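Please read these numbers as outputs of a predicted model, since none were measured by experiment. Both ligands and their constituent atoms are indexed starting at 1 by order of listing. Heavy atoms only: backbone and side chains are in, while hydrogens, waters and symmetry mates are out.
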Amino acid sequence: MALRILFGMATGALLGAFVAPHAPWLVDLVARPAGALFMRLLLVLVMPLAAAALVLGIAELKPGALGGVASRALGLTVALTATAVGVGVFLVTVVHPGRGIDRSALPAGKPVAAIDTPPIDTFVNMVPDNVIAAAAKGDLLGVLLVAVLVGLAVRRSSGEPARRLVEWVQGLFDVLVVGVQMVMKLAPVGVAGLTCVLVARTGLEGLAPLARFVAVVVGAILIQGIVVYGAALHLLARRSPLAFYRAIQPALAVAFSTASSAATLPTTLRVADSGLGLRPDLARFVLTVGASANQNGTALFEGVSVLFLAQLYGVDLSVSQSALIVIVSIAAGVGTAGVPGASLPVIAALATAVGLPPESVGVLVGFDRILDMCRTTLNVAGDLVIAACVDAEG
Ligand code: ASP
(Lines give C-alpha, C1' and ligand atoms only; values in the text may rest on other atoms or scores of the structure.)
Protein backbone atom coordinates (compact mmCIF):
# COMPACT_ATOMS: atom_id res chain seq x y z
CA MET A 1 0.00 0.00 0.00
CA ALA A 2 2.80 2.43 0.85
CA LEU A 3 4.08 2.18 -2.72
CA ARG A 4 0.66 2.89 -4.27
CA ILE A 5 0.34 5.96 -2.08
CA LEU A 6 3.81 7.21 -2.96
CA PHE A 7 2.96 6.69 -6.62
CA GLY A 8 -0.21 8.78 -6.13
CA MET A 9 1.82 11.54 -4.45
CA ALA A 10 4.44 11.57 -7.21
CA THR A 11 1.75 11.74 -9.91
CA GLY A 12 -0.05 14.55 -8.07
CA ALA A 13 3.19 16.49 -7.60
CA LEU A 14 4.06 16.22 -11.30
CA LEU A 15 0.55 17.26 -12.36
CA GLY A 16 0.60 20.17 -9.89
CA ALA A 17 4.02 21.39 -11.00
CA PHE A 18 3.83 20.97 -14.77
CA VAL A 19 0.20 20.66 -15.90
CA ALA A 20 -1.79 22.79 -13.42
CA PRO A 21 -0.08 26.11 -14.36
CA HIS A 22 -1.41 25.68 -17.93
CA ALA A 23 -4.77 24.15 -16.98
CA PRO A 24 -6.11 25.69 -13.74
CA TRP A 25 -9.34 23.71 -14.13
CA LEU A 26 -7.32 20.58 -13.30
CA VAL A 27 -6.95 21.83 -9.73
CA ASP A 28 -10.47 23.26 -9.29
CA LEU A 29 -12.54 20.63 -11.06
CA VAL A 30 -10.51 17.43 -10.67
CA ALA A 31 -7.73 17.45 -8.05
CA ARG A 32 -9.40 19.43 -5.25
CA PRO A 33 -12.73 17.52 -5.40
CA ALA A 34 -10.91 14.15 -5.68
CA GLY A 35 -8.75 14.91 -2.63
CA ALA A 36 -11.66 16.34 -0.61
CA LEU A 37 -13.95 13.39 -1.43
CA PHE A 38 -11.29 10.90 -0.37
CA MET A 39 -10.75 12.68 2.97
CA ARG A 40 -14.50 13.00 3.59
CA LEU A 41 -15.15 9.30 2.90
CA LEU A 42 -12.36 8.36 5.25
CA LEU A 43 -13.27 10.79 8.03
CA VAL A 44 -16.97 9.93 7.94
CA LEU A 45 -16.08 6.33 8.82
CA VAL A 46 -13.37 7.16 11.33
CA MET A 47 -15.40 8.65 14.16
CA PRO A 48 -17.72 5.63 14.66
CA LEU A 49 -14.80 3.29 13.99
CA ALA A 50 -12.60 4.97 16.60
CA ALA A 51 -15.44 5.00 19.16
CA ALA A 52 -16.18 1.30 18.52
CA ALA A 53 -12.47 0.39 18.73
CA LEU A 54 -12.14 2.18 22.05
CA VAL A 55 -15.25 0.61 23.61
CA LEU A 56 -14.00 -2.83 22.52
CA GLY A 57 -10.42 -2.15 23.63
CA ILE A 58 -11.53 -1.12 27.12
CA ALA A 59 -14.24 -3.77 27.45
CA GLU A 60 -11.92 -6.60 26.37
CA LEU A 61 -8.71 -5.80 28.26
CA LYS A 62 -8.22 -8.43 30.95
CA PRO A 63 -9.50 -7.56 34.44
CA GLY A 64 -6.76 -5.68 36.24
CA ALA A 65 -4.85 -4.89 33.02
CA LEU A 66 -6.67 -1.68 32.12
CA GLY A 67 -5.21 0.51 34.87
CA GLY A 68 -1.65 -0.64 34.13
CA VAL A 69 -1.98 -0.18 30.35
CA ALA A 70 -3.64 3.24 30.73
CA SER A 71 -1.09 4.57 33.21
CA ARG A 72 1.90 3.27 31.22
CA ALA A 73 0.48 4.77 28.00
CA LEU A 74 -0.21 8.07 29.75
CA GLY A 75 3.26 8.18 31.31
CA LEU A 76 4.92 7.53 27.94
CA THR A 77 2.67 10.08 26.21
CA VAL A 78 3.67 12.83 28.63
CA ALA A 79 7.36 11.84 28.54
CA LEU A 80 7.59 11.62 24.74
CA THR A 81 5.58 14.81 24.19
CA ALA A 82 7.75 16.72 26.65
CA THR A 83 10.89 15.41 24.91
CA ALA A 84 9.52 16.43 21.51
CA VAL A 85 8.76 19.96 22.69
CA GLY A 86 12.17 20.10 24.42
CA VAL A 87 14.01 19.09 21.22
CA GLY A 88 12.03 21.65 19.18
CA VAL A 89 12.53 24.48 21.68
CA PHE A 90 16.25 23.73 21.91
CA LEU A 91 16.68 23.85 18.12
CA VAL A 92 14.58 26.98 17.61
CA THR A 93 16.54 28.77 20.34
CA VAL A 94 19.94 27.74 19.03
CA VAL A 95 19.25 28.24 15.30
CA HIS A 96 17.08 31.35 15.84
CA PRO A 97 15.32 31.06 12.45
CA GLY A 98 13.42 34.35 12.99
CA ARG A 99 16.52 36.51 12.51
CA GLY A 100 17.24 38.37 9.27
CA ILE A 101 13.71 38.24 7.84
CA ASP A 102 12.21 41.46 6.49
CA ARG A 103 9.64 42.54 9.11
CA SER A 104 7.87 45.06 6.87
CA ALA A 105 6.21 42.23 4.94
CA LEU A 106 4.75 40.57 8.04
CA PRO A 107 0.98 40.50 8.63
CA ALA A 108 0.28 43.33 11.09
CA GLY A 109 -2.31 43.59 13.81
CA LYS A 110 -2.75 44.81 17.35
CA PRO A 111 -1.00 42.77 20.00
CA VAL A 112 -3.49 41.42 22.48
CA ALA A 113 -2.81 41.31 26.20
CA ALA A 114 -4.10 37.96 27.38
CA ILE A 115 -6.06 34.91 26.47
CA ASP A 116 -9.57 35.03 27.99
CA THR A 117 -10.48 31.35 28.54
CA PRO A 118 -8.97 30.16 31.85
CA PRO A 119 -6.79 27.11 31.08
CA ILE A 120 -8.79 24.90 33.47
CA ASP A 121 -11.95 25.53 31.39
CA THR A 122 -10.16 24.25 28.30
CA PHE A 123 -9.88 20.89 30.06
CA VAL A 124 -13.44 21.00 31.41
CA ASN A 125 -14.75 21.78 27.92
CA MET A 126 -13.07 18.67 26.51
CA VAL A 127 -15.83 16.62 28.14
CA PRO A 128 -18.99 17.02 26.05
CA ASP A 129 -22.43 17.32 27.62
CA ASN A 130 -24.08 15.96 24.49
CA VAL A 131 -22.44 13.20 22.48
CA ILE A 132 -24.54 13.80 19.37
CA ALA A 133 -23.64 17.50 19.38
CA ALA A 134 -19.96 16.58 19.87
CA ALA A 135 -20.12 14.15 16.95
CA ALA A 136 -21.87 16.76 14.79
CA LYS A 137 -19.09 19.25 15.57
CA GLY A 138 -16.48 16.68 14.55
CA ASP A 139 -15.14 16.69 18.13
CA LEU A 140 -13.38 13.29 18.04
CA LEU A 141 -11.76 13.71 21.45
CA GLY A 142 -15.17 14.41 23.03
CA VAL A 143 -16.71 11.34 21.38
CA LEU A 144 -13.76 9.20 22.51
CA LEU A 145 -14.17 10.37 26.11
CA VAL A 146 -17.78 9.15 25.98
CA ALA A 147 -16.55 5.86 24.46
CA VAL A 148 -14.17 5.47 27.43
CA LEU A 149 -17.12 5.92 29.77
CA VAL A 150 -19.20 3.34 27.84
CA GLY A 151 -16.28 0.88 27.76
CA LEU A 152 -15.78 1.23 31.53
CA ALA A 153 -19.52 0.79 32.12
CA VAL A 154 -19.53 -2.36 29.95
CA ARG A 155 -16.72 -3.81 32.07
CA ARG A 156 -18.82 -3.32 35.18
CA SER A 157 -22.04 -4.66 33.68
CA SER A 158 -22.55 -8.36 33.69
CA GLY A 159 -25.19 -10.35 31.93
CA GLU A 160 -26.61 -10.99 28.51
CA PRO A 161 -27.60 -7.43 27.42
CA ALA A 162 -24.10 -6.05 28.02
CA ARG A 163 -22.58 -9.01 26.14
CA ARG A 164 -24.98 -8.38 23.25
CA LEU A 165 -23.91 -4.71 23.14
CA VAL A 166 -20.25 -5.76 22.86
CA GLU A 167 -21.18 -8.15 20.02
CA TRP A 168 -23.04 -5.35 18.29
CA VAL A 169 -20.10 -2.93 18.66
CA GLN A 170 -17.78 -5.67 17.34
CA GLY A 171 -20.08 -6.07 14.31
CA LEU A 172 -20.06 -2.30 13.75
CA PHE A 173 -16.25 -2.25 14.01
CA ASP A 174 -15.82 -5.15 11.55
CA VAL A 175 -18.14 -3.56 8.99
CA LEU A 176 -16.48 -0.14 9.27
CA VAL A 177 -13.05 -1.74 8.79
CA VAL A 178 -14.28 -3.25 5.51
CA GLY A 179 -15.72 0.17 4.58
CA VAL A 180 -12.33 1.78 5.20
CA GLN A 181 -10.61 -0.89 3.09
CA MET A 182 -13.00 -0.02 0.25
CA VAL A 183 -12.23 3.70 0.58
CA MET A 184 -8.48 3.02 0.80
CA LYS A 185 -8.64 1.49 -2.68
CA LEU A 186 -9.17 5.07 -3.81
CA ALA A 187 -6.13 6.29 -1.84
CA PRO A 188 -3.75 6.74 -4.80
CA VAL A 189 -6.29 8.94 -6.62
CA GLY A 190 -7.25 10.90 -3.49
CA VAL A 191 -3.63 11.42 -2.52
CA ALA A 192 -2.74 12.48 -6.08
CA GLY A 193 -5.51 15.11 -5.81
CA LEU A 194 -4.30 16.39 -2.42
CA THR A 195 -0.67 16.60 -3.60
CA CYS A 196 -1.57 18.24 -6.92
CA VAL A 197 -3.45 21.03 -5.09
CA LEU A 198 -0.59 21.45 -2.62
CA VAL A 199 2.12 21.75 -5.27
CA ALA A 200 0.01 23.97 -7.57
CA ARG A 201 -0.88 26.37 -4.72
CA THR A 202 2.31 26.50 -2.64
CA GLY A 203 5.17 25.76 -4.97
CA LEU A 204 8.60 25.41 -3.44
CA GLU A 205 9.41 29.12 -3.74
CA GLY A 206 6.88 29.82 -0.93
CA LEU A 207 9.19 27.93 1.42
CA ALA A 208 12.44 29.70 0.56
CA PRO A 209 12.35 32.75 2.91
CA LEU A 210 11.37 30.55 5.81
CA ALA A 211 13.80 27.76 5.00
CA ARG A 212 15.56 27.96 8.36
CA PHE A 213 12.26 27.59 10.23
CA VAL A 214 11.28 24.63 8.04
CA ALA A 215 14.70 23.08 8.68
CA VAL A 216 14.28 23.49 12.46
CA VAL A 217 10.83 21.81 12.41
CA VAL A 218 11.92 18.96 10.15
CA GLY A 219 15.22 18.55 12.05
CA ALA A 220 13.40 18.32 15.39
CA ILE A 221 10.92 15.82 13.94
CA LEU A 222 13.78 13.67 12.64
CA ILE A 223 15.66 13.79 15.97
CA GLN A 224 12.49 12.77 17.84
CA GLY A 225 11.61 10.06 15.29
CA ILE A 226 15.08 8.55 14.95
CA VAL A 227 16.94 9.19 18.21
CA VAL A 228 14.20 9.40 20.86
CA TYR A 229 11.85 6.79 19.38
CA GLY A 230 14.85 4.64 18.45
CA ALA A 231 15.95 4.64 22.11
CA ALA A 232 12.40 3.94 23.37
CA LEU A 233 11.98 1.05 20.92
CA HIS A 234 15.35 -0.40 21.78
CA LEU A 235 15.15 -0.03 25.56
CA LEU A 236 11.45 -0.35 26.34
CA ALA A 237 9.90 -2.29 23.45
CA ARG A 238 13.06 -4.37 22.86
CA ARG A 239 12.56 -4.14 19.11
CA SER A 240 14.87 -3.18 16.27
CA PRO A 241 13.91 0.39 15.26
CA LEU A 242 14.67 -0.46 11.62
CA ALA A 243 12.36 -3.48 11.55
CA PHE A 244 9.72 -1.42 13.39
CA TYR A 245 9.80 1.39 10.83
CA ARG A 246 9.76 -1.10 7.97
CA ALA A 247 6.62 -2.74 9.41
CA ILE A 248 4.73 0.52 9.90
CA GLN A 249 5.52 2.04 6.47
CA PRO A 250 1.89 1.93 5.23
CA ALA A 251 0.69 3.99 8.23
CA LEU A 252 3.52 6.50 7.73
CA ALA A 253 2.63 6.86 4.04
CA VAL A 254 -1.07 7.47 4.80
CA ALA A 255 -0.22 9.93 7.60
CA PHE A 256 2.18 11.86 5.37
CA SER A 257 -0.19 12.06 2.43
CA THR A 258 -3.42 12.86 4.33
CA ALA A 259 -1.95 15.01 7.18
CA SER A 260 -4.56 13.49 9.48
CA SER A 261 -3.94 11.09 12.38
CA ALA A 262 -7.68 10.41 12.54
CA ALA A 263 -7.89 9.45 8.86
CA THR A 264 -4.80 7.25 9.36
CA LEU A 265 -6.23 5.42 12.40
CA PRO A 266 -7.65 2.41 10.47
CA THR A 267 -4.26 1.86 8.80
CA THR A 268 -2.47 2.37 12.14
CA LEU A 269 -4.66 -0.35 13.70
CA ARG A 270 -3.99 -2.64 10.76
CA VAL A 271 -0.18 -2.35 10.86
CA ALA A 272 -0.21 -2.79 14.67
CA ASP A 273 -1.90 -6.11 14.09
CA SER A 274 -0.42 -7.48 10.88
CA GLY A 275 2.95 -5.66 10.85
CA LEU A 276 3.91 -5.51 14.54
CA GLY A 277 1.81 -8.35 15.97
CA LEU A 278 0.62 -6.28 18.97
CA ARG A 279 -2.23 -7.59 21.14
CA PRO A 280 -5.48 -6.37 19.51
CA ASP A 281 -7.27 -5.23 22.70
CA LEU A 282 -4.24 -3.26 23.85
CA ALA A 283 -3.55 -1.82 20.39
CA ARG A 284 -7.16 -0.72 19.94
CA PHE A 285 -7.13 1.07 23.26
CA VAL A 286 -3.71 2.72 23.03
CA LEU A 287 -3.85 3.65 19.33
CA THR A 288 -7.39 5.01 19.36
CA VAL A 289 -6.72 7.24 22.34
CA GLY A 290 -3.29 8.06 20.90
CA ALA A 291 -4.66 9.16 17.52
CA SER A 292 -6.24 12.08 19.25
CA ALA A 293 -4.30 12.47 22.49
CA ASN A 294 -0.68 11.67 21.64
CA GLN A 295 0.61 14.15 19.11
CA ASN A 296 4.33 14.66 19.55
CA GLY A 297 4.82 16.32 16.16
CA THR A 298 1.94 18.71 16.78
CA ALA A 299 3.15 19.70 20.26
CA LEU A 300 6.67 20.24 18.91
CA PHE A 301 5.38 22.31 16.00
CA GLU A 302 3.15 24.48 18.17
CA GLY A 303 6.00 25.30 20.59
CA VAL A 304 8.54 25.97 17.83
CA SER A 305 6.08 28.09 15.83
CA VAL A 306 5.17 30.45 18.66
CA LEU A 307 8.83 30.94 19.61
CA PHE A 308 9.65 31.52 15.93
CA LEU A 309 6.87 34.10 15.58
CA ALA A 310 8.12 35.88 18.70
CA GLN A 311 11.62 36.01 17.17
CA LEU A 312 10.16 37.25 13.90
CA TYR A 313 8.13 40.04 15.49
CA GLY A 314 10.94 40.97 17.85
CA VAL A 315 8.90 40.15 20.98
CA ASP A 316 11.12 39.32 23.95
CA LEU A 317 9.55 36.57 25.97
CA SER A 318 9.90 36.42 29.72
CA VAL A 319 10.90 33.14 31.35
CA SER A 320 7.33 32.59 32.54
CA GLN A 321 5.95 33.23 29.02
CA SER A 322 8.41 30.72 27.55
CA ALA A 323 7.41 28.22 30.23
CA LEU A 324 3.74 28.86 29.40
CA ILE A 325 4.45 28.09 25.73
CA VAL A 326 6.21 24.83 26.62
CA ILE A 327 3.48 23.69 29.03
CA VAL A 328 0.57 24.68 26.78
CA SER A 329 2.28 22.98 23.80
CA ILE A 330 2.58 19.75 25.77
CA ALA A 331 -1.10 19.98 26.79
CA ALA A 332 -2.07 20.95 23.24
CA GLY A 333 -0.51 17.72 22.01
CA VAL A 334 -3.43 16.11 23.83
CA GLY A 335 -6.11 18.59 22.84
CA THR A 336 -5.41 19.22 19.13
CA ALA A 337 -7.71 17.33 16.76
CA GLY A 338 -6.18 14.76 14.41
CA VAL A 339 -7.22 16.55 11.23
CA PRO A 340 -5.27 18.67 8.73
CA GLY A 341 -4.37 22.16 9.92
CA ALA A 342 -5.65 21.60 13.46
CA SER A 343 -2.52 23.20 14.97
CA LEU A 344 -3.14 26.65 13.51
CA PRO A 345 -5.95 27.78 15.85
CA VAL A 346 -3.91 26.56 18.83
CA ILE A 347 -0.89 28.52 17.63
CA ALA A 348 -3.07 31.62 17.13
CA ALA A 349 -4.37 31.31 20.71
CA LEU A 350 -0.87 30.79 22.13
CA ALA A 351 0.58 33.64 20.09
CA THR A 352 -2.16 35.92 21.40
CA ALA A 353 -1.47 34.80 24.96
CA VAL A 354 2.15 35.99 24.76
CA GLY A 355 1.24 39.33 23.17
CA LEU A 356 1.72 38.61 19.47
CA PRO A 357 -0.96 39.78 17.02
CA PRO A 358 -3.32 36.90 16.17
CA GLU A 359 -2.68 37.69 12.47
CA SER A 360 0.94 36.60 12.97
CA VAL A 361 -0.16 33.02 12.39
CA GLY A 362 -0.76 34.09 8.77
CA VAL A 363 3.02 33.75 8.25
CA LEU A 364 2.62 30.00 8.69
CA VAL A 365 -0.59 29.42 6.76
CA GLY A 366 0.85 29.30 3.24
CA PHE A 367 3.12 26.34 3.81
CA ASP A 368 1.47 24.77 6.83
CA ARG A 369 0.32 21.75 4.86
CA ILE A 370 3.81 20.49 4.08
CA LEU A 371 4.88 20.73 7.72
CA ASP A 372 1.53 19.23 8.74
CA MET A 373 2.37 16.17 6.64
CA CYS A 374 5.70 15.81 8.48
CA ARG A 375 4.31 16.36 12.01
CA THR A 376 1.37 14.01 11.41
CA THR A 377 3.82 11.27 10.36
CA LEU A 378 5.61 11.73 13.69
CA ASN A 379 2.27 11.76 15.55
CA VAL A 380 1.30 8.39 14.08
CA ALA A 381 4.77 6.85 14.56
CA GLY A 382 4.63 8.02 18.20
CA ASP A 383 1.29 6.28 18.78
CA LEU A 384 2.73 3.02 17.45
CA VAL A 385 5.94 3.41 19.50
CA ILE A 386 3.89 3.80 22.68
CA ALA A 387 1.67 0.81 21.80
CA ALA A 388 4.80 -1.33 21.14
CA CYS A 389 6.40 -0.24 24.44
CA VAL A 390 3.25 -0.91 26.48
CA ASP A 391 2.76 -4.26 24.72
CA ALA A 392 6.31 -5.33 25.58
CA GLU A 393 5.85 -4.51 29.26
CA GLY A 394 2.50 -6.15 29.82
N1 ASP B 1 -2.71 17.21 11.30
C2 ASP B 1 -2.28 16.83 12.62
C3 ASP B 1 -2.77 15.42 12.90
O4 ASP B 1 -3.72 14.97 12.34
C5 ASP B 1 -2.74 17.78 13.66
C6 ASP B 1 -2.03 19.11 13.47
O7 ASP B 1 -0.92 19.26 13.99
O8 ASP B 1 -2.52 20.00 12.76
O9 ASP B 1 -2.19 14.71 13.69
- Task: Check each protein residue for a heavy atom under 4.0 Å from ligand 1 and list those that pass, ordered by chain and number.
- Result: A259, S260, S261, Q295, T298, A337, G338, V339, P340, G341, A342, S343, D372, R375, T376, N379
- Message: Less than 6.0 angstrom from the centroid, inside 45 degrees of the normal: does R212 satisfy that with respect to the ring of F308?
- Response: no
- Are L344 and L356 linked, directly or through other ILVMFWY residues, by side chains that come within less than 4.5 angstrom of each other? yes
- Message: Strictly distance-based, threshold 3.5 Å: is any side-chain N or O of E393 a donor or acceptor partner for the main-chain N or O of V390?
- Response: no
Side-chain donor-acceptor contacts of residues 224-238 below 3.5 Å, not counting sequence neighbours, with atom names and distances?
{"unit_1": "Q224", "atom_1": "OE1", "unit_2": "A84", "atom_2": "N", "d": "3.4"}
{"unit_1": "Q224", "atom_1": "NE2", "unit_2": "L80", "atom_2": "O", "d": "3.1"}
{"unit_1": "Q224", "atom_1": "NE2", "unit_2": "N296", "atom_2": "OD1", "d": "3.4"}
{"unit_1": "Y229", "atom_1": "OH", "unit_2": "N296", "atom_2": "OD1", "d": "2.6"}

- Message: Applying the side chain to side chain contact (heavy atoms under 4.5 Å, CB included) criterion to S329, which one of V326, I325, I327 satisfies it?
- Response: I325
- Task: Output yes when a side-chain donor or acceptor of T288 lies under 3.5 Å from a complementary backbone atom of F285, and no otherwise.
- Result: no
